[in-house]
Amino acid sequence: MKLATWNVNSLGVRLQHLTNWLQAHPVDVLVLQETKLTDDKFPAAELQAAGYHAAFFGQKTYNGVALLTRSAHDTVVRNIPGFADEQARVIGASVDGLRIVGVYVPNGQAPGTDKYEYKLQWLRGLRDWLREELAVHRELVLMGDFNIAPEDRDVHDPAVWAGQIMCTEAERDQFRHLLELGLVDAFRLFDQPPKSWTWWDYRMLAFRKNQGLRIDHILVSEALRGRVRACSIDREPRKLERPSDHVPVTVELA
DNA sequence: ATGTCACCTGGTAGGTGA
């Protein structure tokens, strides 16, 4: 089976890109970030026509997450239990024997800001919850927009980005703490092309110059490690007209 | 070149967030 994550940067704008992509890549599970739609505006009918059950959790203007599955899913969770949050950033469910958690980690703006502190607090809350979740669900996939480039090889110019948002040591520590729970970065289980990014700034001709970061990730629990057959980034949607600034990442499980 | 995009309010531009 195949599972994927994609920050669409407004599902209202990107619905056609999404349905086209799903037609070409009929993954079994897809989590979306930055839908930017309240639940009453979520295009559930269009996605049902495309063959997907949808769970969604949105808000006005910002954030918003969704989970699409070919098979029926159940036991949906919205946001982090026990972590009070006014922003819609997490959706999880059980499907095909797997526990799926889709996340839109706060961007954090810049070190030293309130938003940065919120990001770090949020990541601590996520870790505390996932520790419990993993104890109950051995086969778990955590995927989404983490807004963290875990290592220098995930950054087009590590010198420029050193200490900047998405690359600070505190953020990378939080990412490592997630791995320490017993999660594996599926992308790094395989040889990958150098300069593999999932996000390019709209500005500065960043995509044309391939100046990006790898900040969208798929982490699988140790119990799933042996089932991972491939993990790849699809940069094609970034070439379309009016693209999202992020592209999809897909993992294949046996 | 902080050079783009999305979405809001409230209006034919400016602010916020990424």
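Spacing of C1' atoms, B/dG11 relative to B/dC7, comes out at 15 Å, to the nearest Å. Using atom P as the reference point in both B/dT12 and B/dA6, the two lie 23 Å apart (nearest Å). Between B/dG15 and B/dG10, the two P atoms lie 14 Å apart (nearest whole Å).
Just one of A/Q33, A/K36, A/R242 meets the side chain to side chain donor-acceptor pair (under 3.5 Å) condition when paired with A/N9; it is A/K36. With A/N7 as the fixed residue, the side chain to side chain donor-acceptor pair (under 3.5 Å) test singles out one of A/N147, A/D145, A/T35: A/D145.
For A/K41 and B/dA6, the NZ to P distance is 18 Å, given to the nearest whole Å. With rounding to whole Å, A/Q59 atom CD is found 12 Å from B/dC8 atom P. Computed from coordinates, the A/L15 CG to B/dA6 P distance equals 14 Å when rounded to whole Å. For the pair A/W200 CH2 and B/dT2 P, the computed distance is 21 Å after rounding to whole Å. Between A/L37 atom CG and B/dC8 atom C1' there is a gap of 14 Å when expressed in whole angstrom units.
With respect to A/D185 and A/R176, no salt bridge is recorded, no charged nitrogen being found less than 4.0 Å from a carboxylate O. Using a 4.0 Å cut-off between charged nitrogen and carboxylate oxygen, A/E180 and A/R127 do not count as a salt-bridge pair. A salt bridge is absent between A/R99 and A/E139: the closest approach of a Lys/Arg side-chain nitrogen to an acidic carboxylate oxygen does not fall below 4.0 angstrom. Salt bridge present: A/D152 and A/R172 bring a charged side-chain N and a carboxylate O closer than 4.0 Å.
Proximity of A/L183 to A/L140: side-chain heavy atoms (C-beta onward) are separated by under 4.5 Å at one or more points. A/D28 has its side chain out of reach of A/T69: every pair of non-hydrogen atoms, C-beta onward, lies at least 4.5 Å apart.
Only at 4.0 angstrom or more do the heavy atoms of residues 161-171 of chain A sit from any atom of DNA chain B, so none qualifies.
Comparing A/M204 and A/P243 along DNA chain B, the residue whose closest nucleotide (by nearest heavy atom) sits nearer the 5' end is A/M204.
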Under 4.0 Å protein heavy-atom contacts per nucleotide of nucleotides 9-18 of chain B, with B for base, S for backbone only and - for none: S-------SB
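A side-chain donor-acceptor contact under 3.5 Å links A/W6 to the backbone of A/H246.
Distances shown here put a side-chain N or O of A/R14 below 4.0 Å from the OP1 or OP2 atom of B/dA6.
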